[in-house]
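Below you'll find the structure, written out as structure tokens, and then a few comments.
All residue numbers in this chain count up from 1 along the given sequence.
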Amino acid sequence: MILLQVSNIKLNITQNEQDAYKKALKTAGISDKEVRYWKILKYSVDARNKSQISKVYAIGLYVDAYHKSRKNVLVIEKEKRYSYKLSGEKPMNYRPIVVGFGPAGMFTAYLLAMNGYAPIIIERGDMVENRLRIVEEFWETGELNLNCNVQFGEGGAGTFSDGKLNTGIKDKENRIRFVLETFVKFGADEKILYDAKPHIGTDILKEIVSNMRKYIIEMGGTFYFNTSVVDISYKKHKITEVHLSNHQTIKTEVCIFAIGHSARETFQMLYENGVMMEQKPFALGVRIEHKQTMINKSQYGFEDNCLGAASYKLTYKTSQNRGVYSFCMCPGGFVVDSSSENHGKVVNGMSYSKRDGSNANSAIVVTVTPQDFSNNHPLAGIAYQRALEKKAYIEGDGKIPVQTYSDFKNNKTTSKLGNIVPQIKGKYKLANLNSIFPEYIIEALIEGIEFFGKKIDGFSTEDVVLSAVETRTSSPVRIIRNDKFETNIAGIIPAGEGAGYAGGITSAAIDGMKVFEQIAKTYRPQKNNKESS
């Protein structure tokens with residue numbers, strides 16, 4: 001059986017998947033009886049011409065034989081799949097440890113468990129079912145749990161986001177497909193396998209995370225929730241033990257630190273133990289909210305959601321050569337209080353799977369580099385973030401500070417909102433965001449938003465709502481690793497976004513897969529490894 005990939009199938013917005021299948025048959029020149037089965041390979045919306053918006057499909061037709069040559073029909077004799085080799089010969093004396101169960105840790109642990117390595121997972125926060133309740137209580141009361149919040153807990157920070165899975169990384173090894181198929185295996189909608197902009201949604205992502213945990217346990221994995229790694233021991237530049245907040249010590253020779261970008265105490269602990277790390281550029285700014293109907297009208301020419309809530313992606317280079325861009329755009333979503341430290345205020349955005357909220361929100365962020373930091377210390381970027389988060393906390397009196405764009409431009413405290421009502425998970429207060437940022441950030445934000453107003457009608461109107469501060473776009477630190485993915489202390493393997501090697505759910509998951517592949521090249525699977533405590 002072979003696959004016919006029939007591409008560039010354009011339909012009007014009233015047509016559906018069955019219409020795409022029928023057009024694929026016509027394009028390939030075959031009948032329905034010749035097809036064993038079919039599936040959608042790719043779907044996108046072409047809205048470049050507002051008067052003639054098209055749904056664009058690629059359809060896969062599985063047939064026994066095909067001898068024609070047709071435009072837009074590619075014959076695939078064998079589909080490419082992700083594969084890896086368990087070529088390691090060295091026995092593991094102790095079970096591998098995965099610190100952090102965000103996307104990188106999830107996929108490292110998943111592949112380790114699947115292949116008989118029986119990983120131990122250390123997660124600072126609670127399991128996702130309990131975590132949801134704790135976070136909801138924080139949004140209602142403002143009482144922060146320092147170890148379990150939007151940043152910390154099973155699933156990582158991505159659990160409280162839009163669950164966007166698109167990535168721009170190159171992928172000859174078909175790891176992206178494996179990530180998507182794994183999410184589908186554990187509960188995601190199959191649409192993510194072909195949607196050009198796949199997303200899961202916070203409400204569905206929590207189920208996937210729980211199901212992956214249960215599978216890992218079934219395959220021999222062990223979880224320690226509400227537990228942190230507070231120290232490590234090593235001899236002759238090789239890790240020997242990890243010390244936990246519950247006063248246990250676990251022996252190990254492989255410890256994957258798949259920590260998120262907010263795990264500041266863990267960065268400090270590793271630095272004090274001599275693990276080499278370096279400063280890294282990142283971006284910071286505000287969350288911006290518009291009516292979703294306005295974004296739909298600008299992108300599609302009409303206000304309703306018949307094509308799904310519209311999104312956007314915007315970039316700009318300022319007169320001072322700073323990048324300004326939209327980040328983590330959440331159609332029909334909510335701004336969320338994502339704070340993880342006392343006396344600091346952080347915002348992020350999230351959407352549920354239906355994306356049916358009244359507002360669209362996105363981060364509008366400005367690039368900062370180590371030249372903006374106060375010194376050359378590897379953790380200076382964290383200090384830079386903390387200073388702004390503290391200012392946001394003070395400006396909002398412990399709540400999320402909110403301001404209209406007009407007042408932000410005029411450096412005036414907002415006293416009254418316009419037509420846009422903030423859609424925020426957590427408490428907020430009308431404020432003046434100018435008190436938070438250095439002048440170069442304020443100037444870049446205004447210059448960028450004004451430019452974006454020329455691209456999207458209504459983007460820079462007076463009653464657009466801003467909230468602060470968005471500082472956790474990516475890690476300001478990179479833990480240095482060699483070609484075996486290890487640090488200068490052998491056996492310590494940094495992974496994912498927090499360690500400075502990814503920039504989103506999918507890329508972090510893929511980095512976790514690469515970590516597993518390196519382990520599999522060195523160590524052989526051993527289901528009955530020892531565990532000392």
Side-chain angles (χ1 to χ4, degrees), residues 138-144 150 284-295 297-298 314 324 326-327 329-330 332-339 342-350 357-366 385 387-454 456-471:
F138 165 61
W139 288 336
E140 288 292 327
T141 66
E143 295 181 11
L144 177 65
V150 172
L284 61 91
V286 298
R287 277 275 149 184
I288 190 166
E289 290 186 79
H290 304 88
K291 289 287 188 183
Q292 183 62 52
T293 51
M294 186 212 83
I295 301 299
K297 182 71 179 293
S298 174
L314 300 165
V324 183
S326 62
F327 173 80
M329 194 272 156
C330 299
F334 296 84
V335 174
V336 297
D337 189 333
S338 302
S339 305
N342 287 324
H343 309 297
K345 193 55 57 178
V346 181
V347 292
N348 195 3
M350 77 172 198
S358 59
N359 288 0
N361 78 74
S362 175
I364 301 297
V365 292
V366 180
Q385 290 175 322
L388 297 184
E389 292 163 12
K390 183 176 180 179
K391 288 182 177 181
Y393 183 91
I394 293 170
E395 180 61 29
D397 287 336
K399 303 178 179 69
I400 296 173
V402 167
Q403 187 176 25
T404 63
Y405 178 58
S406 175
D407 288 338
F408 181 66
K409 285 194 299 182
N410 294 309
N411 194 10
K412 174 185 175 184
T413 299
T414 292
S415 59
K416 184 181 180 181
L417 295 168
N419 293 323
I420 300 174
V421 178
Q423 300 294 295
I424 293 179
K425 297 283 189 178
K427 298 180 182 296
Y428 67 88
K429 179 185 177 183
L430 301 183
N432 185 356
L433 307 191
N434 284 263
S435 69
I436 300 169
F437 298 104
E439 191 64 30
Y440 58 85
I441 297 293
I442 296 170
E443 291 175 354
L445 285 170
I446 293 173
E447 190 176 336
I449 291 171
E450 289 296 313
F451 176 80
F452 298 152
K454 299 174 183 178
I456 296 179
D457 187 32
F459 198 90
S460 57
T461 53
E462 292 186 352
D463 63 348
V464 166
V465 174
L466 308 180
S467 54
V469 60
E470 174 101 19
T471 51

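Other residues, nucleotides and ligands contribute over 12 non-hydrogen atoms within 6.0 Å of the CG atom of Asn410. Taking a 6.0 Å sphere around NZ of Lys291, one finds it holds more than 12 heavy atoms contributed by other residues, nucleotides or ligands.
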With side-chain contact (heavy atoms from CB on, under 4.5 Å) as the criterion, how do Phe408 and Ile446 come out once you've worked through the C-alpha distance, each side chain's angles and the decisive distance to 0.1 Å?
CA-CA 8 Å; Phe408 181 66; Ile446 293 173; 3.8 Å; yes

Verify side-chain contact (heavy atoms from CB on, under 4.5 Å) between Val465 and Tyr405, making sure each step is shown before the conclusion.
CA-CA 6 Å; Val465 174; Tyr405 178 58; over 6 Å; no

Using the rule given for side-chain contact (heavy atoms from CB on, under 4.5 Å), can you reason through Leu445 versus Ile364, listing the C-alpha separation, both sets of side-chain angles and the distance that settles it, and then say yes or no?
CA-CA 7 Å; Leu445 285 170; Ile364 301 297; 4.0 Å; yes

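Under a cutoff of 6.0 Å and an axis angle of 45°, Lys399 and Tyr428 do not form a cation-pi pair.
Proximity of a side-chain donor or acceptor of Lys427 to a complementary backbone N or O of Glu140 within less than 3.5 Å is detected. Using a distance-only test at 3.5 Å, with no hydrogens or angles considered, a donor-acceptor pair links the side chain of Gln403 to the main chain of Lys412. With hydrogens and angles disregarded, a donor-acceptor distance shorter than 3.5 Å links the side chain of Ser339 to the backbone of Gly344. Between the side chain of Thr414 and the main chain of Thr404, a donor-acceptor pair closer than 3.5 Å is present. For the pair Trp139 (side chain) and Val336 (backbone), a donor-acceptor distance under 3.5 Å is absent. The closest donor-acceptor contact from the side chain of His290 to the backbone of Val464 lies at 3.5 Å or more, if one exists at all. Remark: side-chain polar atoms of Glu289 are paired, donor with acceptor, to backbone N or O of Gln423 under 3.5 angstrom. Looking at Ser298, its side chain never comes within 3.5 Å of a backbone N or O of Ile295 through a donor-acceptor pair. Not one N or O on the side chain of Asn348 forms a donor-acceptor pair closer than 3.5 Å with the backbone of Val335.
Partners of Phe451 under the ring pair (Phe, Tyr, Trp, His ring centres under 6.0 Å) rule, at least two apart in sequence or in another chain, are Tyr316.
Between the OG atom in Ser362 and the CZ atom in Phe452 there is a gap of 9.0 Å [rounded to 0.5 Å]. Taken to the nearest 0.5 Å, the CG atom of Leu433 stands 9.5 Å off from the OG1 atom of Thr413. The CG atom of Leu284 sits 12.0 Å away from the CZ atom of Phe327 when rounded to the nearest 0.5 Å. Expressed to the nearest 0.5 Å, how far CD1 of Ile400 lies from CD of Glu395 amounts to 13.5 Å. The distance from atom NZ of Lys391 to atom OG of Ser435, rounded to the nearest 0.5 Å, is 8.0 Å. Taking CG of Asp407 as the reference point, atom OG of Ser415 lies at 6.5 Å (rounded to 0.5 Å).
By the 30° and 60° cut-offs, the orientation of the rings of His343 relative to Tyr393 is perpendicular.
No hydrogens or angles considered: a donor-acceptor pair under 3.5 Å links the side chains of Asn411 and Asn432. Judged purely by distance below 3.5 Å, without hydrogens or angles, the side chains of Gln292 and Asn359 never pair a donor atom with an acceptor atom.
Between Arg287 and the choices Asn361, Val365, Val402, Leu466, the side-chain contact (heavy atoms from CB on, under 4.5 Å) rule is met once, by Asn361.
Contact check on Glu450 versus Lys409 returns a salt bridge, with a Lys/Arg side-chain nitrogen under 4.0 Å from an Asp/Glu carboxylate oxygen. With respect to the salt-bridge test (charged N to carboxylate O, under 4.0 angstrom), the residues Glu389 and Lys345 do not qualify.
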